[in-house]
Amino acid sequence: MQKKYWSYLVQIKAWIYYLDIYAEKSFQWDRRIKVFGAVASSSSIAAWTIWKEWSYIWGVIIAVSQVLTAIKDYFPFGRRLKILKPFIDELKILYIKIEYDWFKVAEGEVTEKEINQLLFDYKKQFSEIESKYLNEEILIENLEYRNLADQKVTKYFENNF
């Protein structure tokens, strides 16, 4: 049962790192879209007046930036950011609780039955948190993010346990 508990502890930490990476990448995409829209709108108006012979190009740039501005709320990046931050925060609290109890488990202070109950309680809490934030959002698995998260988890546990 100790191995099972340890595996769950590692799994939750991996989830936290994975979601942190997902949130960071979503933030970067959201910021790129906003910056493109702002720069395109501002610079295109100025450029249009300066280079009238290329006005159709600047018209297209302005149109694209306006379309991006209009539809950016439908891109998943902004929505993800709104749910990932509180989701990660709650998972971090859950992880702290699991890690705190790990030391009792590792020292043999709790029975197999109590370990099983702890795992059940933590899995139930995780499921409630996940349902709360991912009920209407789907996170497509990203292998690159998962590999980065696995590297961070390995380093974390090498340094802390």
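A 4.5 Å side-chain heavy-atom check between Phe27 and Arg80 finds every atom pair outside the cut-off. At a threshold of 4.5 Å between non-hydrogen side-chain atoms, the residues Asn142 and Arg146 do not count as touching. Residues Phe120 and Gln117 are in side-chain contact: their nearest non-hydrogen atoms beyond the backbone lie under 4.5 Å apart. You'll find the side chain of Phe103 stays beyond 4.5 Å of the side chain of Glu109, heavy atoms only. Looking at Leu91 and Phe126, their side chains come closer than 4.5 Å, going by heavy atoms from C-beta outward. Contact annotation: the side chain of Leu148 approaches that of Gln151 to within less than 4.5 Å [non-hydrogen atoms, C-beta and beyond]. Between Tyr95 and Lys92, the closest side-chain pair of non-hydrogen atoms is not below 4.5 Å. By the 4.5 Å heavy-atom criterion applied to side chains, Leu84 and Leu139 are counted as neighbours.
Here Lys85 pairs with Asp89 in a salt bridge; the nearest charged N to carboxylate O distance falls below 4.0 Å. A salt bridge between Lys104 and Glu114 is absent, with no side-chain N of the basic residue lying under 4.0 Å from a carboxylate O of the acidic one.
Looking only at atom types and distance, the side chain of Asp121 has no donor-acceptor partner in the side chain of Gln125 under 3.5 Å away.
Ring geometry for Tyr145 against Tyr22 counts as perpendicular: the plane angle is over 60°, on a 0 to 90° scale with 30° as the lower cut. Between Tyr156 and Tyr17, the angle of the ring planes goes over 60°, which puts this pair in the perpendicular group of the 30/60° scheme.
Rounding to the nearest 0.5 angstrom, the gap separating the CG atom in Leu118 from the NZ atom in Lys97 is 12.0 Å. If you take CD1 on Ile16 and CD on Gln11, they are separated by 11.0 Å, rounding to the nearest 0.5 Å.
Summarising the local packing, CH2 of Trp29 is surrounded by 12 or fewer heavy atoms from other residues, nucleotides or ligands at distances under 6.0 Å.
In this structure, Asn116 contributes its side chain and Glu112 its backbone to no donor-acceptor pair below 3.5 Å.
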